[in-house]
Amino acid sequence: MIQAVRGTNDILPQEVMRWRFLEEKARSVFGRYGYEEIRTPIFEETELFIRSVGETTDIVEKQMYTIPEEGGMGITLRPEATAPVVRSFLQHNLAHEDRVQKLFYIGPMFRHERPQKGRLRQFHQIGVEVLGSGHPSLDVEVIDLLSSFLSEMGLSGAHFKVNSVGCRVCKPKYGELLKESLKSKVHALCGNCQRRFEKNVLRVLDCKNEICQAALENIPLLPDVICQDCRNHFDQVELLLAELGVSFTLAPKLVRGLDYYTRTIFEVTHANLGAQDAIAAGGRYDHLVESLGGPSVCAVGFGMGMERMLLALQNELEGKILPVRPFLFLASLGEQAFQLNFLLQKELRKLSILSEIDYEAKSFKSQFRRANKLGVKYVLIRGEDEIARKVVKLKNMVSGMEEEVSAEHVVEIILSQIKNQLSKTNELTPPTPLK
RNA sequence: GCGGCUAUGGUGUAAUGGUAGCACGAGAGACUGUGGCUCUCUUAGUACGGGUUCGAAUCCCGUUAGUCGCCCCA
């Protein structure tokens, strides 16, 4: 049997309800902060990612789904969305508009990695990008936005970590400093870190290995050695975050994998997730726009993994997502009765009244069983007897009472029942099925 | 990409190398036109492909998928 390709998932109807809740909540919270949705293609020129994400990153080196095309480097299924958003920003000259662009996106991303829980080959991100200002208040706004979103989703236990990696002047300087400090201890480091030492020395900082962490003792930390401008920027970020009441931890050893980050970086982790514990991460990228051929425009943003978010939420969405239940079930016995019910269903649909019907000519017993499982408030009963007398029966599934009503006026009667119920309970709450 | 573990009806689980069973679910029925409970019946499975063996769910190899850790990252 053909199955979904490794690392991809079907999202079945029940699960889709959770996804829609997440998406709709994001649109509403982000909208309140003045962010507008942008949709870019799911594939781009390969070169875009090479130039933005970084040539020597794992993403570019081995995780991209690239389709060769004549002339050029081919096209690539987007592994992240910051670069496409920046590309779109440049292509449509949004930089020329005299305002800060506040954008968000929702959609699938693709990375060819070994799948694990919370790590898929097609996964989904909700992300935010602010282009056009280097002001620290925007770093803070974006973090605050994320924090509000998480708490509005009802997620507890999220942990914010914040750091500054400096600008394009002091970031490389720090790398050299770190190399210098570690030089004598290289051989004590784990195998990975010996490689990192050569390739990307900053990554040694967040190695989980105890030996490496021990070697890092007494080493100068990023926030202490970044340049004065970066230091001032970071001070502002810390101050404003505290004033907004966003709780966070200073994580001086936090670094990020993507090359383009400058100054503020942050990560949100959650204990429900295991090894892939980051549900969202982001930071400032003040030179990406320029390096993609645009003007010198500062920017900041984050990406959030939707699958990881839903994992972290586990059962916390229960009760917040109401199942859609039909209001009534149309039971029929005989072909003619079915046809009348089928036509009636169309009338009900015009009035947005959700009903269910049995298409298989099953027994009344079976139809009632199903009606009960569906949790409908009423069953409309129509058999030969009722047809002959131009009536239908309406059975209240809660009280068990049955009444006969004129077939001609049944739609109005159902409508008035709904209105009646609305005025009583102020909402349409279907009964729970009998157990 | 590397290493470990796992794979039994739709779901959750049993079965020293010797009859694949149980629960839930689903379907039908129990004075022929009425829900729940109960009862009866039905349904459906050893992931795939090889091998060892008189005999394999069970042992071996490969594949696929999941999972955990590494790498990396959302």
Side-chain angles (χ1 to χ4, degrees), chain A residues 1-9 12 53-54 56-63 78-82 106-127 146 190-193 195-196 199-200 203 206-209 255-258 266-270 273-282 301-312 329 331-334 337 358 360 362-386 393-402 431-435:
Chain A
M1 201 182 37
I2 297 174
Q3 23 186 343
V5 323
R6 187 170 166 86
T8 68
N9 267 155
L12 300 176
V53 175
T56 59
T57 56
D58 274 29
I59 292 179
V60 169
E61 279 184 348
K62 44 195 185 195
Q63 297 177 354
R78 62 181 184 199
E80 57 105 50
T82 299
I106 300 177
M109 310 291 157
F110 306 84
R111 291 183 201 170
H112 189 103
E113 293 180 273
R114 177 110 174 226
Q116 246 176 276
K117 186 165 76 171
R119 180 204 280 166
L120 294 164
R121 289 182 174 179
Q122 174 175 336
F123 60 104
H124 299 78
Q125 283 188 334
I126 298 180
L146 178 56
C190 72
N192 269 323
C193 285
R195 227 183 47 239
R196 287 166 170 154
K199 194 176 144 193
N200 187 351
R203 296 224 64 101
D206 66 354
C207 180
K208 293 165 197 161
N209 195 313
V255 289
R256 311 253 69 237
L258 279 52
F266 57 93
E267 188 173 274
V268 183
T269 57
H270 198 281
L273 300 195
Q276 274 65 47
D277 66 349
I279 60 181
F302 69 81
M304 179 179 71
M306 294 177 74
E307 284 85 354
R308 291 187 185 182
M309 181 69 196
L310 290 167
L311 276 173
F329 187 91
S332 53
L333 217 53
D358 164 61
E360 307 283 314
K362 289 188 179 157
S363 68
F364 262 146
K365 188 186 199 62
S366 160
Q367 295 188 55
F368 269 87
R369 264 205 277 258
R370 178 134 166 269
N372 187 54
K373 267 177 215 153
L374 289 168
V376 296
K377 172 99 185 176
Y378 289 97
V379 174
L380 179 146
I381 304 159
R382 185 171 353 225
E384 284 169 20
D385 181 44
E386 286 80 3
K393 285 181 183 151
L394 272 183
K395 177 167 181 173
N396 183 315
M397 292 296 278
V398 179
S399 66
M401 301 290 277
E402 223 169 274
T432 0
L434 291 177
K435 276 182 188 154

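By convention in this document, chain letters (A, B, ...) are assigned in the order of the sequence lines, proteins followed by strands, and residues within each chain are numbered from 1. Being a predicted model, the structure only gives us computed values, none of them experimental.
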Using a cut-off of less than 4.0 Å, is there contact between a side-chain N or O of [X] and OP1 or OP2 of [N]?
X        : N      : value
A:Arg114 : B:rC68 : no
A:Arg308 : B:rA74 : no
A:Ser366 : B:rA28 : yes
A:Lys62  : B:rC73 : no

Which is true for [X] with a 4.0 Å heavy-atom rule: it touches a base, it touches only sugar-phosphate, or it touches nothing?
X        : result
A:Gly400 : base
A:Gln367 : nothing
A:Arg203 : sugar-phosphate
A:His270 : nothing
A:Gly334 : nothing
A:Glu386 : base
A:Thr57  : nothing
A:Ala280 : sugar-phosphate

[X] [atom1] to [N] [atom2], straight-line distance once rounded to whole Å:
X        : N      : atom1 : atom2 : result
A:Asp58  : B:rC2  : CG    : P     : 14 Å
A:Gln116 : B:rC70 : CD    : P     : 8 Å
A:Lys377 : B:rU34 : NZ    : P     : 23 Å
A:Asp358 : B:rU34 : CG    : P     : 15 Å
A:Gln122 : B:rA74 : CD    : C1'   : 14 Å

Identify which nucleotide among [options] has an atom closest to any side-chain atom of [X], counting heavy atoms from C-beta outward.
X        : options                : answer
A:Phe368 : B:rG33, B:rA26, B:rG35 : B:rG35
A:Arg369 : B:rA26, B:rA28, B:rG69 : B:rA28
A:Lys117 : B:rC68, B:rC73, B:rG33 : B:rC68
A:Phe364 : B:rU34, B:rA74, B:rC72 : B:rU34
A:Lys362 : B:rA28, B:rC72, B:rU34 : B:rA28
A:Arg196 : B:rC72, B:rG35, B:rG33 : B:rC72
A:Gln3   : B:rC70, B:rU64, B:rC73 : B:rU64

At less than 3.5 Å, do the side-chain atoms of A:Glu267 and the base atoms of B:rA74 form a donor-acceptor pair? no
When only distance counts, do a donor and an acceptor, one from the side chain of A:Lys395 and one from the base of B:rG35, lie under 3.5 Å apart? yes
Using heavy-atom distances to pick each residue's nearest nucleotide on RNA chain B, tell me which of A:His112 and A:Gln125 is more 5'. A:His112
Return the 5'-most residue of the pair A:Arg195, A:Arg382 with respect to RNA chain B, ranking by each residue's nearest nucleotide. A:Arg382
Residues passing the side-chain hydrogen bond (donor to acceptor under 3.5 Å, both in side chains) test with A:Arg256, sequence neighbours excluded, are A:Glu267
Measure the shortest side-chain to side-chain distance between A:Ser366 and A:Phe368 over non-hydrogen atoms and say whether it is less than 4.5 angstrom. no
With a 4.5 Å limit on heavy-atom distance, are the side chains of A:Arg111 and A:Glu80 in contact? yes
When you compare [N] with [M], how far apart are their [atom1] atoms, in angstrom units rounded to a whole number?
N      : M      : atom1 : answer
B:rG50 : B:rA56 : P     : 14 Å
B:rG21 : B:rC41 : P     : 15 Å
B:rU8  : B:rG66 : P     : 14 Å

A:Arg121 (side chain) donor-acceptor with A:Thr8 (main chain) under 3.5 angstrom: no
Interatomic spacing from CZ in A:Phe110 to NE2 in A:His124 - rounded to 0.5 Å: 7.0 Å
Using Watson-Crick or G-U wobble pairs with both distances under 3.5 Å, give me RNA chain B in dot-bracket, 5' to 3', with [ ] for crossers and | for pairs to another strand. (((((((..((((....[..))))((((((.......))))))...(((((..]....))))))))))))....
